[in-house]
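Notes for the one structure printed next.
Computed from a prediction, not measured in an experiment: that's the story for all the values here. Computation of the quantities below employed the complete heavy-atom set of this structure, encompassing side-chain atoms and omitting hydrogens, waters and symmetry-equivalent molecules.
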Amino acid sequence: YEKYEGVLSVREITAVSKDPENGQVLKTFEAKIERRDHFYKTPQIKALKYIENGKEARTSRYDTREIEPFYPVFDKNGKNHYDLKIVGNETVSGRKCVKIEVIPKSQTARHFKGHIFVDPQKLEIVRITGSPAKLHWAMLHFSFDYHYNSLEGFPVLSHGTVKARVKVALFVSDNITDYTLKAVSNRLY
């Protein structure tokens, strides 16, 4: 966190948005994005390709729905934001991991609550599951399950899933969107 500003990645995203009442598909989309994740500020995202309902569309139509990042759990200030509790062991992607419960000290959208799975032999984060401690005002639900690889000892996204329910009166109809993410490349900057 002191040597670099963040991670630059290229990701492939597929998603399906459904009506929460009847399950009817409202929209499907695929995107290839370049994502600059800063450790402490909102990510910068540029769509490189966007396909909506099976048809190529303008990249400007891609809606990132991004929010500020969570306060990091393992940086020098992590203890100011979180309490950690080892709650067991679990095998993730063939690796024996320690399961750590992350308990936020404040209930804000910048605080994460959930679990981190760490390979104790290599001290590498393998998986993170959870949600914000407090949902952003436009979100009715947000949860994720991310899997990681190590890059120079730092965890970078390999693949994952996100489930989000968003409703903004007059702007975004109530919908549940299931996302699948896959990192094509990652590098620290």
Side-chain angles (χ1 to χ4, degrees), residues 6-7 9-55 57-73 81-82 92 101-104 106-117 125-148 155-184 186:
V7 178
S9 63
V10 174
R11 298 179 182 181
E12 294 174 339
I13 300 168
T14 58
V16 177
S17 290
K18 296 180 180 177
D19 184 307
E21 301 299 321
N22 60 25
Q24 178 184 2
V25 174
L26 302 171
K27 177 172 82 170
T28 63
F29 63 89
E30 300 172 34
K32 186 172 191 176
I33 63 167
E34 180 182 85
R35 182 177 165 121
R36 187 176 293 267
D37 279 291
H38 307 282
F39 295 141
Y40 299 100
K41 7 181 235 195
T42 305
Q44 295 170 300
I45 298 168
K46 179 171 107 177
L48 305 173
K49 184 175 185 177
Y50 182 64
I51 298 170
E52 187 174 302
N53 297 324
K55 296 180 183 175
R58 293 185 325 268
T59 55
S60 61
R61 289 189 47 83
Y62 176 67
D63 179 8
T64 65
R65 295 186 181 171
E66 292 300 328
I67 57 175
E68 289 181 292
F70 296 126
Y71 293 115
V73 175
H81 297 287
Y82 304 101
V92 178
E101 182 178 5
V102 179
I103 304 156
S106 297
Q107 300 297 308
T108 74
R110 296 278 321 261
H111 287 83
F112 158 73
K113 68 176 178 179
H115 295 95
I116 296 178
F117 300 81
I125 294 175
V126 178
R127 179 181 179 203
I128 298 177
T129 63
S131 65
K134 180 181 179 183
L135 292 175
H136 183 272
W137 66 269
M139 293 182 181
L140 301 175
H141 175 86
F142 186 87
S143 61
F144 55 87
D145 184 352
Y146 296 145
H147 292 255
Y148 291 85
V156 293
L157 182 78
S158 164
H159 64 280
T161 58
V162 174
K163 183 180 216 80
R165 184 171 180 185
V166 178
K167 181 179 182 181
V168 182
L170 303 175
F171 294 103
V172 178
S173 63
D174 190 4
N175 69 79
I176 296 174
T177 304
D178 292 312
Y179 299 85
T180 302
L181 317 165
K182 179 184 172 193
V184 176
N186 287 301

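The aromatic rings of His81 and Tyr71 sit parallel, their planes meeting at an angle under 30°, below the 60° perpendicular limit. The aromatic rings of Tyr146 and Tyr148 lie perpendicular to each other, with more than 60° between the two planes, well past the 30° mark. Ring planes of Phe29 and Tyr62: perpendicular class, angle over 60° (limits at 30 and 60°).
Shortest non-hydrogen contact noted between Ala31 and Tyr50 is CB-CD1, 4.1 Å. Nearest heavy-atom pair, Glu68 versus Thr42, reported as atom, atom and distance to 0.1 Å: CG-OG1, 3.1 Å. Closest approach of Leu157 and Ala183 over heavy atoms only: O-CB, 3.1 Å. Counting all heavy atoms, side chain and backbone alike, Ser106 lies closest to Ala133 at O-CB, 3.9 Å.
A 4.5 Å side-chain heavy-atom check between Pro72 and Tyr40 finds at least one atom pair inside the cut-off. Val166 has its side chain out of reach of Thr177: every pair of non-hydrogen atoms, C-beta onward, lies at least 4.5 Å apart. Leu140 is listed as a side-chain neighbour of Asp174, based on a closest heavy-atom distance under 4.5 Å.
Atom NZ of Lys134 is separated from atom CD of Gln107 by 9.5 Å, given to the nearest 0.5 angstrom. Between the CD atom in Glu101 and the CD1 atom in Ile116 there is a gap of 11.0 Å [rounded to 0.5 Å]. With rounding to the nearest 0.5 angstrom, the NE2 atom of His141 is 7.5 Å from the OG atom of Ser131. Between Thr108 atom OG1 and Phe70 atom CZ the span is 9.0 Å, to the nearest 0.5 Å. Taking CG of Asp178 as the start and OG1 of Thr161 as the end, the distance is 8.0 Å to the nearest 0.5 Å. In this structure, the separation between NZ on Lys163 and OH on Tyr179 is 11.5 Å, given to the nearest 0.5 Å.
A donor-acceptor pair under 3.5 Å is absent between the side-chain atoms of Asp19 and the main chain of Leu26, judged by distance alone. At least one donor-acceptor pair under 3.5 Å links the side chain of Arg110 to the backbone N or O of Pro69. Of the possible polar contacts, one joining the Asn53 side chain to the Thr28 backbone as a donor-acceptor pair under 3.5 Å is found.
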Discussion item. Checking Ile128 against Val73 for the side chain to side chain contact (heavy atoms under 4.5 Å, CB included) test, could you report, in this order, the C-alpha distance in whole Å, the side-chain angles of both residues, the deciding distance, and whether it holds?
Written reply: CA-CA 11 Å; Ile128 298 177; Val73 175; over 6 Å; no

Item to complete: Take Arg36 and His38 through the test side chain to side chain contact (heavy atoms under 4.5 Å, CB included) and record every step on the way to the result.
Response: CA-CA 6 Å; Arg36 187 176 293 267; His38 307 282; 3.7 Å; yes

Worksheet entry | side chain to side chain donor-acceptor pair (under 3.5 Å) assessment of Arg11 paired with Ser9 | CA-CA 6 Å; Arg11 298 179 182 181; Ser9 63; 3.2 Å; yes

Practice prompt. In sequence, state the C-alpha distance, the side-chain angles, and the governing distance for Ile13 and Ile33, and then conclude on side chain to side chain contact (heavy atoms under 4.5 Å, CB included).
Written response: CA-CA 8 Å; Ile13 300 168; Ile33 63 167; 3.5 Å; yes

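Residues passing the side chain to side chain contact (heavy atoms under 4.5 Å, CB included) test with Val10, sequence neighbours excluded: Lys32, Leu48, Val184, Ser185.
Salt-bridge check for Lys27 with Asp63: failed, with every basic side-chain N at 4.0 Å or more from each acidic carboxylate O.
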